[in-house]
Amino acid sequence: MAWTLGKLAELVNGQVKGDESVAIDSVATLADAVKGQISFLTSTKYKPFLATTQASAVIIAAEDETPANLLIVENPHAAYAKVAQELYPRTVIDPGIHPTATVHDSCTIHESAHIGPNVVVEENVIIDERVSIGANSFIGRESHIGKETLIYPLVTLYHETVIGMRCIIHSNVVIGADGFGFAFDNGVWLKIPQVGKAVIGNDVEIGACSTIDRGAIGDTVIGDGVKLDNQIQIAHNVQVGDQSVIAAQSGIAGSTKIGKHFMIGGHVAVSGHLEITDNVVVTGKSTVTKSIKEPGSYSSTIPVEPSNKWRRYVGRFKRLESLSKRVAKCEEILKDKD
Amino acid sequence: MAWTLGKLAELVNGQVKGDESVAIDSVATLADAVKGQISFLTSTKYKPFLATTQASAVIIAAEDETPANLLIVENPHAAYAKVAQELYPRTVIDPGIHPTATVHDSCTIHESAHIGPNVVVEENVIIDERVSIGANSFIGRESHIGKETLIYPLVTLYHETVIGMRCIIHSNVVIGADGFGFAFDNGVWLKIPQVGKAVIGNDVEIGACSTIDRGAIGDTVIGDGVKLDNQIQIAHNVQVGDQSVIAAQSGIAGSTKIGKHFMIGGHVAVSGHLEITDNVVVTGKSTVTKSIKEPGSYSSTIPVEPSNKWRRYVGRFKRLESLSKRVAKCEEILKDKD
Amino acid sequence: MAWTLGKLAELVNGQVKGDESVAIDSVATLADAVKGQISFLTSTKYKPFLATTQASAVIIAAEDETPANLLIVENPHAAYAKVAQELYPRTVIDPGIHPTATVHDSCTIHESAHIGPNVVVEENVIIDERVSIGANSFIGRESHIGKETLIYPLVTLYHETVIGMRCIIHSNVVIGADGFGFAFDNGVWLKIPQVGKAVIGNDVEIGACSTIDRGAIGDTVIGDGVKLDNQIQIAHNVQVGDQSVIAAQSGIAGSTKIGKHFMIGGHVAVSGHLEITDNVVVTGKSTVTKSIKEPGSYSSTIPVEPSNKWRRYVGRFKRLESLSKRVAKCEEILKDKD
């Protein structure tokens, strides 16, 4: 679909400097763009490419030297998102149930919904307008999927899962599996039935191979607008506040309640039964073992050093107690000498 | 299914204080319970709810002030597990092979087993009594699944996998894939065929998206009663001892032998070729790089601090060697001064 | 398939000491081998088994005391790989499209390829000679799979994915899902369409439940001969150089460019937008937050200690600033005393 730069400017409420009538049909980086493409500048790192870009237009926060036409906006990143969404609309879904799907008679499937090949839908599932369910997915009994939600192939929703509207769920996600609950009894672990469910808000995106367990008693709840990257683990009865963003391979242990606008890097572990207030940031690879009451940024990230240097650091670290005693002894002597 | 409190007391060998005839049909937390529900108290954290709970009964270790009837037992957590198992029995499985399943003629499928829609079962697989295999799963040739094992949808078992009795395997688990074995030869990596298999004991539960590789030579072995959370990685030729419990996103590298009752938190990494004795606990996010010969608790967990404070810590850590030298110099001077 | 030791020696360009005519049909460890089996010695750890092994032959770097026949080669590990590949050839694939597969008419499927049960192949996919696609997999539109690539069951390739020749892709891998790209706008996260694709080189192996995202703009690229273990996360626009090896549960964040022969342990996190030169090694559980310009080994791994000891270490670590001040004070006094 081709747009003019002027039309895109209207869309994002921006100002054009240059030719409003130039046609734009796709996006590219400043370095790679050719005629007909629009690019953007959000980081000074890429500014050197501005002078030589072949892009027909650049989304930018302020006027600058470039052969390209400019689309000047307050928030170029957000404007780029909106422009790209228009230039790359979602594939139109094909309404109807594929003949190879196995859908129970008791289900309520909206006629505008798409149920792909080999999808299995159990009893009493409700699927709303324009939902798309990718091939080979499984939707457990009593689940409800809100309108315009897009489920990619090979997704598994256990029974009673609730998914909001306009969500995007990537392949191999598992929602509503049993939480990790066992009681120790005479040397063996007894399973504690997980009788809650998983409830996902509106406008949530869940990355490939992520797992969100059902509640043990009561529900696991993911708030509106939450974005989970790939391979995220959300344990039973966790609550994640609205608009939180969690990067890949992080996990939240059971019953932890997380506020709004939580932002964490990759490989972060958050212990169970904590409360995290709104607007907390945790840097990648950190470990949260206590509740956080103050907004702000938290870390326990340790960056690499050359291995031989690192081994000495760790050696010193493990001898800190002895070093501390040596300092105390120096202090003692000095005190005596005073 | 409705039970009386008296009947549940018999089940868990407990004492009722109050009305034995009260009907119980479900479980809930102390805070949320209503009439007809049973709750439990295992943590003093929730004791405040005892005085006001609307639960018809509470499982508890000793008499206490509450309007609810009491079910007094030695181990309330275990008693709760048993009660909940009765109140929420497993869904009865529907014996038979779904018409959309693809099952090789050479297989031995017990007539009481359930094979769901689109399940693919290769040559010479043996499936025992009351096994249930969820939709869209794949069972490789020569595998054997023991009785009453429950396999959720979209599970993959590679060829020759052996699963014990009464196991629960959650969606998107992969068992028996090739271990990570390569030999470096003139600048390229040669694949080492992985010719062992994966053997899972009885009463094992495996969380969603976990991966257990087959052995390189000889087998990967998961002991009886082991519970693995979601996204666990077990490499080739690992042995995990009976009744071990591994929390989410932890991994065990190749050929490590782990004793019984191993308990580890989430995001733990255990190196390859180690031996871990029985009754070892490792706290979340720790790294085990050497064999452990003594039972007990081990850690290398570092909890977060505010990021600006943390950066100073790391700076100090990396200057430890210089600090140590400064202390040595002080000692030297003080020695001279003696 | 039975081989003679002499024939195997020709294959790996080795010298036999002993009986060239001995028949070999399988592999085993030195400890477990019986007549007809070949074993190997690559680590002194297993040397004690050499004197008593029942193996018919042992692949080894130099003559040694053993009742077994010897196959002497320069690189026993590589020779073992080659021998095992011959003794355990890949299962011959069954050409043709399974009747339960759903393949779009517009696809080009080579007649020697195997498309398993319930596989779904969308529009305009090209599948080359002797490709095998396992049951219940999904291949998105416009994808291309190079010859002799082996795809295990339940793999998902999103649209436009390119896979090279002779790759092995294990179950539940997801390639080409959307990268994690959002722009913050007035309190909510806007999705940035991910319009690049994922391109996998030749001879790549990808472990179970790994995820490789498509590019945001431009492509995510995995070089030739790369080996990824299970549960690896490769974010959008990452480039991984040829012959790199990444152990389980590690992740590379967006737009990072990694050189050739990168080798990392398990649970490693690499931040986004970095450049890592060729021949870098990173030990398990480490965190890379800055670009690496020098080849060599890097670490931030901290091994466990008994938990009570560890708690003291962390306490000392967090009091390092105060310790440092105390040392400065000693120095000050000593300076005064000079």
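Numbers restart at 1 for each chain; the letters A, B, ... are given by sequence-line order, proteins then strands. Because only heavy atoms are used, hydrogens play no part in the values below, and waters and symmetry mates are left out as well, while side chains stay in.
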Looking at [options], which one has more heavy-atom pairs under 4.5 Å with chain A than the rest?
| options | result |
| --- | --- |
| G284(B), A28(B), A79(B), P153(B) | P153(B) |
| Q243(B), Q85(B), H77(B), E205(B) | Q243(B) |
| L228(B), T283(B), N308(B) | L228(B) |
| S171(B), A208(B), A84(B) | S171(B) |

What parts of residues 247-258 of chain A touch chain B if we use heavy atoms and a cut-off under 4.5 Å?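 Answer by number: Q249(A), S250(A), G251(A).
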Close contacts, residues 262-270 of chain A versus chain B, judged by heavy atoms under 4.5 Å: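 Against chain B, the residues of residues 262-270 of chain A that fall inside the cut-off (heavy atoms, under 4.5 Å) are H267(A), V268(A), A269(A).
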Ring-plane angle category for F317(B) and F317(A), please: parallel below 30°, perpendicular beyond 60°, tilted otherwise.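 Perpendicular: the ring planes of F317(B) and F317(A) meet at over 60°.
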Test item: [X] and [Y] side chains (from C-beta on) under 4.5 Å apart, heavy atoms:
| X | Y | answer |
| --- | --- | --- |
| W189(A) | V245(B) | yes |
| R316(A) | L323(B) | no |
| D178(A) | H170(B) | yes |
| P117(B) | F138(A) | no |
| T287(A) | V304(B) | no |
| I217(A) | F40(B) | yes |
| D224(B) | V188(A) | no |

How many angstroms lie between [atom1] in [X] and [atom2] in [Y], if you round to the nearest 0.5 Å?
| X | Y | atom1 | atom2 | answer |
| --- | --- | --- | --- | --- |
| R312(A) | S324(B) | CZ | OG | 11.5 Å |
| C209(B) | I232(A) | SG | CD1 | 12.0 Å |
| S210(A) | N230(B) | OG | CG | 10.5 Å |
| S137(A) | N136(B) | OG | CG | 8.0 Å |

Sort [X] into side chain, backbone, both or neither according to what part of it lies under 4.5 angstrom from a heavy atom of chain A.
| X | value |
| --- | --- |
| T100(B) | side chain |
| V327(B) | both |
| D229(B) | both |
| E74(B) | neither |
| K309(B) | neither |
| Y80(B) | side chain |

Which heavy-atom pair separates Y88(B) from P193(A) by the least distance, and what is that distance?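 Where Y88(B) meets P193(A) most closely, the heavy atoms are CB-CB, 4.3 Å.
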If I compare all heavy atoms of D185(A) with all of K82(B), which pair ends up nearest, and what's the gap?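 Smallest heavy-atom distance, with atoms named: OD2-NZ, 3.2 Å.
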Can you tell me if NZ on K318(A) sees more than 12 non-hydrogen neighbours from other groups inside 6.0 Å?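 Above 12, so yes.
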E305(B) atom CD: more than 12 heavy-atom contacts under 6.0 Å: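 It does: E305(B) CD has more than 12 such atoms within range.
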Report the C-alpha distance between R311(B) and S299(A) in whole Å, list the side-chain angles of each, state the deciding distance to 0.1 Å, and finish with yes or no for side-chain hydrogen bond (donor to acceptor under 3.5 Å, both in side chains). CA-CA 8 Å; R311(B) 277 191 295 271; S299(A) 302; 5.6 Å; no
Residue selection (most heavy-atom pairs with chain B, distance under 4.5 Å) from [options]:
| options | answer |
| --- | --- |
| I302(A), T301(A), I292(A), V282(A) | T301(A) |
| C330(A), G196(A), A235(A) | C330(A) |
| P303(A), G179(A), G272(A) | P303(A) |
| T289(A), T156(A), V173(A), T211(A) | T211(A) |
| G187(A), G218(A), A177(A), A216(A) | G187(A) |

Going through the distances and angles, do R141(A) and T91(B) end up as a side-chain hydrogen bond (donor to acceptor under 3.5 Å, both in side chains)? CA-CA 12 Å; R141(A) 60 185 153 81; T91(B) 311; 3.3 Å; yes
Name the region of H273(A), side chain, backbone, both or neither, that has any atom closer than 4.5 Å to a heavy atom of chain B.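 When you check distances to chain B, atoms from both the backbone and side chain of H273(A) fall under 4.5 Å.
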Measure distances from S286(A) to the heavy atoms of chain B and classify the residue's part below 4.5 Å as side chain, backbone, both or neither.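 Interface part for S286(A): both.
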If you take the centroid of each ring, where Trp contributes its six-membered ring, are F184(A) and H261(B) closer together than 6.0 Å?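 Between H261(B) and F184(A), the centre distance is under 6.0 Å.
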